Amino acid sequence: MLAYIIRRILASIPVMIVVALFVFLLLRLTPGDPAAIIAGDMATPAQLEQIRQNLGLNEPLVTQFITWSGQLLSGDFGRSLISKTPVLTLIHQRLEPTLSLAIVTMLFTLLLSIPMGVVAAWRHGTLTDSAIMAISVLGFSIPVFVTGYILIQIFAIDMRVFPIQGFRSIFDGFWPFFERIVLPALTLATIYIALIARMTRAAMLDVLGEDYIRTARAKGLSERIVLFRHALRNAAVPILTVVGTGFALMISGVVVTESVFNLPGLGRLTVDAILARDYPVIQALILLTSGIYVVINLLIDISYAFMDPRIRY
Amino acid sequence: MADETTTAATGPGAKPVVRRNLLPRIDLASLKFAPTLAAIILGLIVLAAVFAPLIAPYDPIKMDPMARLGAASFAHPFGTDGYGRDVLSRTLYGAQTSLIVGLGAAFVAVLVGLPLGLLSGFFRVLDAVLMRVMDGLMAIPAILLAIAIVALVGSSLWTVLVAITIPEIPRVVRLVRSVVLSAREEPYVEAAIAVGSSLPKIMWRHLTPNTIAPLIVQATYVCASAILTEAILSFLGAGIGTETPSWGNIMSEGRLYFQLKPGLIFWPGLFLSLCILSINILGDTARDVMDPKLGKKRKA
Amino acid sequence: MTGQETNDRKGDVLVVENLVVETGGRRPAPILNGVSLRVAPGETVCLVGESGSGKSVTSLATMGLLPKGALAVSSGRILVEGEDVVSASPSRLRQLRATRMSMIFQEPMTALNPVLTIERQLEEVLSAHSQMSGAERRSRIRDILSLVRLPDVERMCRSYPHQLSGGQRQRVMIAMALVLEPKLLIADEPTTALDVTTQKEILKLVADIQKRLGTSVLFITHDMGVVADIADRVYVMRHGNIVEDGPIGDILKDPKRDYTRNLLTAVPALHPREARARISNEVVLSTTELGMTYGASSLFRKRAGTVAAKDVNLTLTRGRTLGVVGESGSGKSTVARCVMRLIDPTEGSIRLRNQEIAGLSRRALRPARKRIQMIFQDPNRSLNPRLTVGDSITEGPINYGASPDAARTRAKELLELVGLPADAIDRHPHQFSGGQRQRIAIARALAMEPDVLVADEAVSALDVSVQAQVLDLLDDIQARLGVALLFITHDLRVAAQICDDVVVMQHGRIVEYGPTAEVLGHPREAYTRELIEAAPGRHWDFPNFRPLPTPSGGPVDGATL
């Protein structure tokens, strides 16, 4: 088991190196002067030269990459062009809303999507199945911002149940926090629910065709036990895999949701950075989110070992 | 070892396994309501895109300061936007952008992903390298990668297309690779090796046909995902400039007036949702029809 | 089907009356057309038939496990201890399972849940159907596991299925089925996926437990040998009908129906045929100290690696058949695949005629490939479903420069040679039965005009009657073309009937090697003897409808027929 975990951790290192390489090359291989891109449109020639020095743009690419990676590892992600604050400080300031949104979204998703998928698979071919799948396709197809505006229109403008926009920290009390986070989280959760419900259904259908499910039924076990103890546990690995890979989907969702609902999180930071062409910030955000993606998928890989004894031994 | 499933075709009650054909024939009677409707809607959107210059009542980029934020009327069925441009015309032209992006991304992703996947499935060393690169590429959220590319290179339709396609490629490569890896274990591939067929011949004749059905399904998902990504990019202001109307940038501009004029978001949003929904439904239908697992015979 | 049956019916554990099962959907097609059978207390009844006969459907219907939507009982009754299963409610049906009737399945590898421990899987049977306390359940589980003679019961309890061998898993299945001592055990081909020696142990175990608990057994099988060994009474099924039934002695000695007779005559005799006269001394294939070791080391630690084959020396001359027999994991298929160079041997040499091919590169190997061809086990998968029969057969010759027209003409001749119409050439594999597909695969191999044909379990996936035809075809082709045959099989009966010489393999090494009549008639090694003794029905001479003269004697005696 320990060997498995170590193997997984080692396997994720090259992925991070590849990510770093992509981000590095993106700036260097783009037509035009990287220093000019970094400095923005208003830079003076002296500033450009200063940036060239800092980035080591006159060095060979390999040297540049090693220096740059070294800076990243020591926690130096550069400074924002606009506010001149270190990028990490900016990110730190914006972390809480995004983290809150992600966690509440995840809760909504798991509470809804897995039962939906299980029931659809169990009732395969019936109206219930079709209805759940229709909802899922719908959730999968309607863009996040459209869902967002529809929810705002219904719950905030017409019914006035929730505020239209904004964010309050959970430390200011649960209800102020919850009434503002519920619509964004629902918005963001739709795609995720759709995705995981689909996968749960597909994985359950696969498992329900297995011989050991027939054995379980031949033992006279109740359908509830057959479904949850025997089928869902075996379907867990593919479902978890999608939870992990779907995280990439969630990132793009976060960016949009935060700008629709005006949440001061990392998504807004991203949008502001795009509009200002603040490349160091964009670069750091890519590295950060990719890093989180890799870590989440690593944790999921490790959790397989707890789900499936065949991996454990 | 008389596994009943393997020789079941000998009994009279057993149906022959017909489902292995390249493209199954389509039984008109079995056409379901949802896929039919999806095909019709998608057909209409394609027509709107192709004939936009003929049917659009106005020039989509002509501003009219006198008609800013006009309500829906006979002259402007969807109203006008913040610059007085006709929203219906912009929405029709927006279909062009979306379809170019969707079809382009699907086409390029398959064109690049298929050979890479085939090679990766066959050559171990190449596979090890290529898969690390693909893993890395998949770890970067598509939107952020696209944003970075657009931020660096500029926001033309073609840049956006490239920026959107690159993150889709790893999915195609992985799909083709997995099909190849399982198909190459099939005895008929070993039989082809035994009769001295060359590697290119085996790939082309015995492996590539297996990838076609899943690729068609995957291509529809790439298409839907690309249209969505383009809309998101444009919505965030990192996509195609407003001189080329796209559903995303119409909505992006509409955000300012959302509480005042929901139609600016509603109409392009409706077109966008219907378009993606139709493509996804057709993709699901294709998958259900082609999936050999669902056609798998029960033990009898 | 006499009056006596109706009289006995009251006491019968299982009575099936005019059972009709149809496929679901808009146009139902019958799968069972009125099957009737009965099983008395303590009796072992065999339901025997070829694939597609409906024997598994009968058993699943009895358990109420027919796949929903795909198959359904449309008329008839199934009485288990007098209670009708067909009309029982789902919850009543659940109560009956495991308490009155239980079932074990063919594939022990997939029939147990991989993520639950053995104890958990047994325990849930008890908690679903009894009010036992935790302590009672624990002791009951340990009792039943010892009853099925599993070693180290405590460790077994903690184990997951993948840690057990196939035979052990089937024992767990039996324990699970019998833990509540149901009156009826349905066994659907429970030993088909197991090696013969394991099969023998499992059959003995079932018989012992049956004696001890008084269970009735409905045993579904395609193997007449197993039937001869265990059955009290036999039902023969074909196309969803019972063709014939009766006590085992009557069925084996005096079958009334032609179908039953054919089924019995198709069973290859265990008694080896005499070696044919050598037609030539020309060695076409030989291996010297051939060895294959998998996965020698990984990045982190040096591992010993799995030895799949070691020190394999064999010689095959023109026109002869050399059998390689052994149980799963014996390395017999590894040898076949090495010789074909589908995998690269790690040591030793392979000589094809006079050419060394073990170390040749893919490119250098190409000319040699033509001279050695293979027939695979599963005819459903060895032909590309997207290619026509003609395309498959002509692929090889065209690779070696034949013109497409010439190759096609030759393909038609070959199809006729293997007993198929020439117009089969433009059809697709799915339009043929398993046996026909195997003929096509043979034609494809012959199209290369090879010196050596390697048949890897080439008849194992076929029904006995089809198997007999394909074996005859191979014999006939060999006589006509003088091709040498390397015949890999797990089935001693098949080996006895087709091979001139035979190699017995175990754990990757050759145990015994010699003329078939010697090796199978007068085995010198203990392992060979063990294999022969494990062969089901070895005391019965099926084609001649009589017992072998010395049923209790060893294989040496048994051979002097």
Side-chain angles (χ1 to χ4, degrees), chain A residues 1-11 13-14 121-127 129 203-240 303-313, chain C residues 24 59-60 62-70 90-117 120-129 158-163 169 172-173 176-177 179-180 182 186 188 298-301:
Chain A
M1 176 111 156
L2 192 67
Y4 170 78
I5 292 174
I6 292 172
R7 256 203 323 278
R8 297 313 313 167
I9 292 175
L10 289 179
I13 292 174
W122 184 45
R123 290 263 166 251
H124 178 51
T126 65
L127 206 63
D129 180 22
M204 285 291 286
L205 280 180
D206 271 356
V207 170
L208 286 175
E210 293 285 341
D211 284 356
Y212 53 78
I213 296 300
R214 189 177 58 182
T215 307
R217 294 208 166 110
K219 291 198 286 193
L221 303 179
S222 69
E223 279 298 296
R224 192 174 48 84
I225 290 182
V226 171
L227 276 181
F228 287 93
R229 189 186 295 164
H230 287 266
L232 189 56
R233 276 201 64 171
N234 278 286
V237 168
I239 296 173
L240 272 174
S303 76
Y304 292 162
F306 294 92
M307 299 286 164
D308 192 335
R310 284 166 297 184
I311 296 173
R312 203 178 313 159
Y313 295 99
Chain C
S59 65
L60 289 175
T62 307
M63 290 296 290
L65 287 173
L66 289 177
K68 258 182 223 149
S91 68
R92 179 63 190 152
L93 200 54
R94 276 201 293 275
Q95 286 172 358
L96 291 176
R97 291 176 189 153
T99 57
R100 300 272 193 91
M101 54 185 183
S102 275
M103 185 160 178
I104 53 179
F105 301 95
Q106 175 172 351
E107 272 297 337
M109 294 303 175
T110 53
L112 291 166
N113 190 328
V115 303
L116 300 178
T117 61
R120 188 79 194 277
Q121 297 190 49
L122 275 158
E123 194 263 345
E124 62 185 6
V125 182
L126 299 176
S127 37
H129 298 288
R158 288 193 306 272
S159 298
Y160 290 92
H162 72 276
Q163 296 167 306
R169 290 187 216 188
V172 170
M173 280 298 292
M176 223 150 69
V179 69
L180 289 169
I186 301 173
D188 186 358
S298 74
L299 193 59
F300 298 107
R301 53 187 162 192

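A, B, ... follow the sequence lines: proteins, then strands. Residue 1 opens every chain. These numbers were taken from a predicted model, which means no experiment stands behind them.
In terms of heavy-atom proximity, Met103(C) sits nearest to Ser59(C) at CE-OG, 3.4 Å. Taking each heavy atom of Leu122(C) and Met176(C) in turn, the nearest pair found is CD2-CA, 3.6 Å.
Contacts of Ile213(A) with chain C are absent, with no heavy-atom separation under 4.5 Å from either backbone or side chain. Both the backbone and the side chain of Thr110(C) come within contact range of chain A, judged by heavy atoms closer than 4.5 Å. With a 4.5 angstrom heavy-atom cutoff, Leu112(C) touches chain A only via backbone atoms. With a 4.5 angstrom heavy-atom cutoff, Ala128(C) touches chain A only via side-chain atoms.
Of all the listed residues (Glu124(C), Met173(C), Gln121(C), Arg120(C)), the one sharing the greatest number of non-hydrogen pairs under 4.5 Å with chain A is Glu124(C). Your options are Glu210(A), Arg217(A), Glu223(A), and the one with the most heavy-atom pairs under 4.5 Å with chain C is Arg217(A).
Listed by chain and residue number, Asp301(A) satisfy the side-chain hydrogen bond (donor to acceptor under 3.5 Å, both in side chains) test with Arg8(A) (two or more places apart in sequence, or in another chain). Partners of Ala216(A) according to the side-chain contact (heavy atoms from CB on, under 4.5 Å) rule, which considers only residues two or more places apart in sequence or in another chain, are Leu221(A), Val226(A), His230(A).
When side chains are defined from C-beta on, Val207(A) counts as touching Tyr212(A), because their heavy atoms get closer than 4.5 Å.
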